[in-house]
Amino acid sequence: MRIEVLGVKGGVGKSTVAAHLAKALAELGRKVLFLDRDYNGWGSWSLGVESKGLLWWAMHGGERDFMKETRPNLKVLKLYPPSPQFYELILRVHRSLELMTKGAEAYKEVLRSDDFDYFVVDNPVNVGPDDEAARHEREFFYQARPEQEGVGLFVSDPSTPGLRAVANYVKASSTWVKPLALVVNMIPPTPDEVERVQMWLRENCLPLSFKICEAVEFDDTLYQYRQFPNPEVKWEAIFNLAKKITDLGN
């Protein structure tokens, strides 16, 4: 299964959810490839891959450090360098058949390197099927793994505008990704806020065709003493989400 982790804006913890989901699925004994397609690269960095990515390697060569196994059952692939380098490189690579072929073959080699159960794809915010990098990546992915079902895990903040925006994003994305799960993240841990979000989910989960809807309270253990969330902390809410996803596949 290919799980596209999608968010309508920054600051919702999308990459944190993606990285912890990949880690949790691996801890549950599934073979996972984490595909970092987000230009900020936090997900792959947090899981132990410090690289400029496969696109950079296709242009410049050198060590193939864009992919490695960082935990049992979990391999991490960084696709792109951080912006603004990404935008310059994507134009140069896409204008060269030789470079496109080199990058595509290396990508397909990684995709076929193991019998993966899940591909967790961390996307940039507001990504769509017509984005140039997204279009080519998906094309090469399904050339290598045509049997994989593509589903979407959408992440939102708990604000009313955020929930409205993610609902619109889900509807706009329905032509290219099948809804699987919605995570409303970083909810202030007060009864009124939790109940408000849970009520919204009860009213909107089925109409938006989600199989799983989760209200996740803000967890300060992920953020203590660090600039970024700590990927080594076991995030129970996302671990439980991973169990629900695997149960659907059984």
Side-chain angles (χ1 to χ4, degrees), residues 1-6 15 18-19 21-23 25-26 30-41 43-45 47-83 85-124 127-153 173 175-178 180 249:
M1 179 182 289
R2 175 185 164 109
I3 303 175
E4 305 265 3
V5 183
L6 302 157
S15 293
L21 175 64
K23 187 164 68 82
L25 289 168
R30 276 38 176 205
K31 291 186 177 181
V32 182
L33 179 62
F34 180 82
L35 299 173
D36 191 349
R37 205 171 76 177
D38 195 338
Y39 316 140
N40 69 33
S44 54
W45 173 83
L47 291 172
V49 174
E50 298 185 30
S51 165
K52 292 186 176 180
L54 189 152
L55 189 71
W56 179 274
W57 172 85
M59 172 65 72
H60 298 283
E63 183 182 359
R64 295 166 64 104
D65 63 350
F66 47 79
M67 193 276 287
K68 68 177 180 178
E69 185 168 10
T70 62
R71 290 167 172 77
N73 297 321
L74 177 58
K75 293 181 179 179
V76 179
L77 170 63
K78 181 174 174 58
L79 286 168
Y80 305 134
S83 56
Q85 293 174 328
F86 164 79
Y87 298 102
E88 176 188 356
L89 275 177
I90 199 73
L91 289 175
R92 294 175 65 186
V93 170
H94 285 182
R95 288 171 183 163
S96 167
L97 178 60
E98 179 183 356
L99 292 175
M100 281 282 284
T101 302
K102 179 182 178 182
E105 291 307 310
Y107 184 39
K108 293 174 187 178
E109 182 181 329
V110 171
L111 294 172
R112 295 169 177 149
S113 65
D114 208 337
D115 187 19
F116 296 107
D117 299 299
Y118 291 96
F119 300 86
V120 177
V121 187
D122 187 21
N123 286 283
V127 74
D130 296 326
D131 294 351
E132 189 172 18
R135 185 175 72 252
H136 287 300
E137 183 275 323
R138 287 172 58 83
E139 175 186 344
F140 298 143
F141 179 93
Y142 284 108
Q143 286 175 6
R145 302 301 298 260
E147 78 286 357
Q148 294 297 315
E149 177 187 15
V151 298
L153 189 158
S173 304
T175 58
W176 67 279
V177 65
K178 179 181 177 182
L180 171 69

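Here the structure is a predicted model, which is why all the values come from computation and not from measurement. All values below were derived from every heavy atom in this structure, side-chain atoms included, with hydrogens, water molecules and symmetry-related copies excluded.
Distance check, rounded to the nearest 0.5 Å: CE of Met1 to CZ of Arg30 gives 11.0 Å. Here the OG-CE distance, from Ser44 to Met67, works out to 13.0 Å after rounding to the nearest 0.5 Å. Separation of atoms CG (Leu21) and CG (Asp122) is listed at 10.5 Å; rounding is to 0.5 Å. In this structure, the separation between CD on Gln148 and OH on Tyr118 is 10.5 Å, given to the nearest 0.5 Å. Taking CG of Leu153 as the reference point, atom CG of Leu180 lies at 6.5 Å (rounded to 0.5 Å). For the atom pair Arg135 CZ and Phe140 CZ, the distance stands at 10.0 Å (nearest 0.5 Å).
Residues Leu99 and Arg92 are not in side-chain contact: their nearest non-hydrogen atoms beyond the backbone lie 4.5 Å or more apart. With a 4.5 Å cut-off on side-chain heavy atoms, Met59 and Glu88 do not count as touching. No side-chain heavy atom of Glu137 sits under 4.5 Å from any side-chain heavy atom of Leu54. Side-chain contact between His136 and Ile90 is absent, with no heavy atoms from C-beta onward closer than 4.5 Å. When side chains are defined from C-beta on, Val93 counts as touching Met100, because their heavy atoms get closer than 4.5 Å. Contact of the Ser113 side chain with the Lys75 side chain is registered, since non-hydrogen atoms from C-beta on lie closer than 4.5 Å.
Here the closest non-hydrogen pair linking Asp38 and Asp36 is N-OD1, 3.1 Å. Residues Ala18 and Val120 approach most closely at O-CG1, 3.7 Å, considering heavy atoms. Shortest non-hydrogen contact noted between Glu50 and Asp65 is O-OD2, 4.1 Å. Residues Val49 and Phe66 come closest through the heavy atom pair CG1-O, 4.1 Å. Summarising the geometry of Gly43 relative to Phe34, their closest heavy-atom pair is C-CE2, 3.7 Å, with the distance given to 0.1 Å. The shortest non-hydrogen separation linking Gly41 to Lys78 is CA-NZ, 3.5 Å.
Ring geometry for Tyr39 against Tyr80 counts as tilted: the plane angle lies between 30° and 60°, on a 0 to 90° scale.
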Verify side-chain contact (heavy atoms from CB on, under 4.5 Å) between Arg138 and Val121, making sure each step is shown before the conclusion.
CA-CA 11 Å; Arg138 287 172 58 83; Val121 187; over 6 Å; no

Where do Leu25 and Asp117 land on the side-chain contact (heavy atoms from CB on, under 4.5 Å) test, with the steps shown first?
CA-CA 9 Å; Leu25 289 168; Asp117 299 299; over 6 Å; no

Audit row: Val127, Glu4, side-chain contact (heavy atoms from CB on, under 4.5 Å) steps and yes/no
CA-CA 10 Å; Val127 74; Glu4 305 265 3; 5.8 Å; no

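Electrostatic pairing of Glu69 and Arg71 does not count as a salt bridge here, judged by no charged N lying under 4.0 Å from a carboxylate O.
Because its NZ or CZ atom is both nearer than 6.0 Å to the ring centre of Trp57 and within 45° of the ring axis, Lys102 counts as a cation-pi partner of that residue. Cation-pi geometry between Arg2 and Phe141 is met: under 6.0 angstrom from the ring centre, within 45 degrees of the axis.
Of the possible polar contacts, one joining the Asn73 side chain to the Ala26 backbone as a donor-acceptor pair under 3.5 Å is found. Not a single donor-acceptor pair under 3.5 Å links the side chain of Lys23 to the backbone N or O of Leu47. Within the 3.5 Å criterion, the main-chain N or O of Leu111 finds a donor-acceptor partner in the side chain of Arg145.
Annotation for Glu139: atom CD counts as buried by contact number, over 12 foreign heavy atoms lying within 6.0 Å.
The ring pair (Phe, Tyr, Trp, His ring centres under 6.0 Å) search around Tyr107 returns none, not counting sequence neighbours.
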